[in-house]
Amino acid sequence: MSDTTTATTAERAPSVYVPSAEALATVLAPGARPTRPSALGASLTFGWRALLKIKHVPEQLFDVTAFPIIMVLMFTYLFGGALADSPRDYLQFFLPGIMVTSVVMITMYTGVGLNTDIEKGIFDRFRTLPVWRPAALVGMIFGDVLRYILAALVILGVGLALGFRPAGGVAGVATGIGLLVVFSFAFSWVWTFFGLILRSEKSVMGVSMMVLFPLTFLSNVFVEPTTMPGWLQAFVKVNPVTQLVAAVRAVMSGETDPSATMWLLVWSAGFVVVFGTLTMHRYNRR
């Protein structure tokens, strides 16, 4: 009886299927394994992903098109008559500053976008890919660089239509936008760090506004610091946005400000070293 039961059980046990080499070849990719992408190649791929997001959701460009136009028109005609002989005269002083303000303020969306992707679990998938670990973060900022350039060009176009005439010519304008993009790229690392440590995109926006409003409005964007109280001048002089505006304003007017340019580059390097390191440390520990 025992022998019969054992035989019946053995007959009912499923057989183990071993696929043949031909069957495996039909489902596996032929040829050698692809080479691992370089750090730059992986970063550019993730940057292209950021651009594709704009293609599918073009409303994302509202902050780099409509918002800068509103800022230029509002402040030019709001303060122009009170602070200068005419809005057009004020525009010569004001436009480089409002260009800096608009671009620096939209850097916060780097942190907002990162926080949103993390909440959706997208970055958990990126971390499993066999690519350079920081590529997803660097590529995302690469994609935002196009937004910074677009915002600067929109403001420049509106300014030219209103009567802005940069004495530095095309070379001065291009240099000014280049300095602005360098600083904005470095400053974006501040928001990637906040995007990693804060729990929601609303928190990222709230903290960023608390940081950006003092930096942009307590600066030399709207008026010369010499008209301010002494205690406020002390803050304005060490404000990185003040150094950025001074450098951009100088090159667009056909002059140079070596001190402001030097401090601008120092601040930019500091943001990348400090907040880039903190960002990667936090990213690797998530």
Side-chain angles (χ1 to χ4, degrees), residues 50 53-54 57 59-79 91 93-116 140-159 164 176-195 198 200-223 235-236 238-249 252 260 264 267-268 270-272 275 279:
K53 290 173 64 177
I54 296 176
V57 189
E59 305 90 80
Q60 296 182 57
L61 292 180
F62 177 82
D63 59 322
V64 299
T65 53
F67 176 72
I69 294 174
I70 293 172
M71 293 282 285
V72 174
L73 295 176
M74 181 175 64
F75 285 105
T76 298
Y77 292 103
L78 182 65
F79 295 139
L91 188 64
F93 169 85
F94 168 69
L95 189 125
I98 199 62
M99 179 185 293
V100 168
T101 298
S102 299
V103 175
V104 169
M105 289 191 72
I106 65 176
T107 59
M108 70 175 179
Y109 291 106
T110 299
V112 173
L114 172 61
N115 187 273
T116 301
M140 180 181 60
I141 298 178
F142 277 169
D144 286 339
V145 166
L146 179 63
R147 295 161 58 87
Y148 306 151
I149 296 174
L150 180 59
L153 293 177
V154 168
I155 293 174
L156 178 64
V158 174
F164 175 69
I177 293 177
L179 292 174
L180 177 55
V181 169
V182 168
F183 179 87
S184 299
F185 174 85
F187 198 55
S188 296
W189 286 102
V190 177
W191 309 126
T192 58
F193 177 66
F194 282 117
L198 297 177
S200 67
E201 59 180 279
K202 293 182 179 179
S203 300
V204 178
M205 293 188 69
V207 171
S208 63
M209 285 300 179
M210 291 177 60
V211 175
L212 286 171
F213 266 87
L215 288 179
T216 53
F217 283 87
L218 301 180
S219 66
N220 59 347
V221 171
F222 302 100
V223 296
F235 172 80
V236 171
V238 298
N239 185 348
V241 173
T242 298
Q243 307 299 331
L244 175 60
V245 172
V248 173
R249 187 174 283 154
M252 284 191 175
L264 158 65
W267 276 107
S268 299
F271 286 136
V272 173
F275 287 96
T279 296

- Aromatic ring pairing Phe75/Phe222, orientation class (parallel under 30°, perpendicular over 60°, tilted between): tilted
- Looking at side-chain heavy atoms only, is the closest gap between Thr216 and Val221 below 4.5 Å? no
- All side-chain hydrogen bond (donor to acceptor under 3.5 Å, both in side chains) counterparts of Asp144, not counting sequence neighbours: Thr110
- Note: Asn115 and Gly195 closest approach over all heavy atoms is ND2-O, 3.1 Å
- Heavy-atom closest contact (Gly111 atom, Val204 atom, distance): C-CG1, 3.8 Å
- Shortest non-hydrogen contact between Gly97 and Val245, atoms and distance: CA-CG1, 4.0 Å
- What distance do Leu153 atom CG and Met99 atom CE have between them, rounded to the nearest 0.5 Å? 7.5 Å
- Message: Has Thr192 got a side-chain atom pairing as donor or acceptor with Trp189's backbone, closer than 3.5 angstrom?
- Response: yes
- Message: Using every non-hydrogen atom in the two residues, find where Leu218 and Thr242 come nearest and quote the distance to one decimal.
- Response: O-OG1, 4.5 Å
- Message: Rounded at 0.5 Å granularity, tell me how far CG in Leu244 sits from CG in Leu180.
- Response: 5.5 Å
- Verify the distance criterion only: is there a donor paired with an acceptor across the side chains of Ser208 and Trp191 at less than 3.5 Å? no
- Partner residues of Ala246 under the side chain to side chain contact (heavy atoms under 4.5 Å, CB included) criterion, sequence neighbours left out: Asn220, Asp257, Ala260
- Note on the structure: dist Leu91:CG -> Ile98:CD1 (nearest 0.5 Å) comes out at 10.5 Å
- Which heavy atom of Phe271 sits nearest a heavy atom of Val190, and at what distance? CD2-CG2, 3.9 Å
- Message: Could you measure the distance from the CZ atom of Phe194 to the CG atom of Leu114? Nearest 0.5 Å is fine.
- Response: 13.0 Å
- Message: Rounded at 0.5 Å granularity, tell me how far OG in Ser184 sits from CD1 in Ile141.
- Response: 11.0 Å
- Mark yes or no for whether Thr76, through its side chain, and Leu73, through its backbone, hold a donor-acceptor pair below 3.5 Å. no
- Taking C-beta and beyond as the side chain, do Leu215 and Val104 meet within less than 4.5 Å on heavy atoms? no
- In this structure, CZ of Phe235 is separated from OG of Ser219 (nearest 0.5 Å) by 9.0 Å
- Message: Is the shortest side-chain heavy-atom distance between Leu212 and Phe187 below 4.5 Å?
- Response: yes
- Task: Test Phe164 against Phe94 for ring pair (Phe, Tyr, Trp, His ring centres under 6.0 Å), laying out the working first.
- Result: CA-CA 9 Å; Phe164 175 69; Phe94 168 69; over 10 Å; no
- Message: Testing the basics here: between Asn239 and Pro214, what is the closest heavy-atom pair and its distance to 0.1 Å?
- Response: ND2-O, 4.1 Å
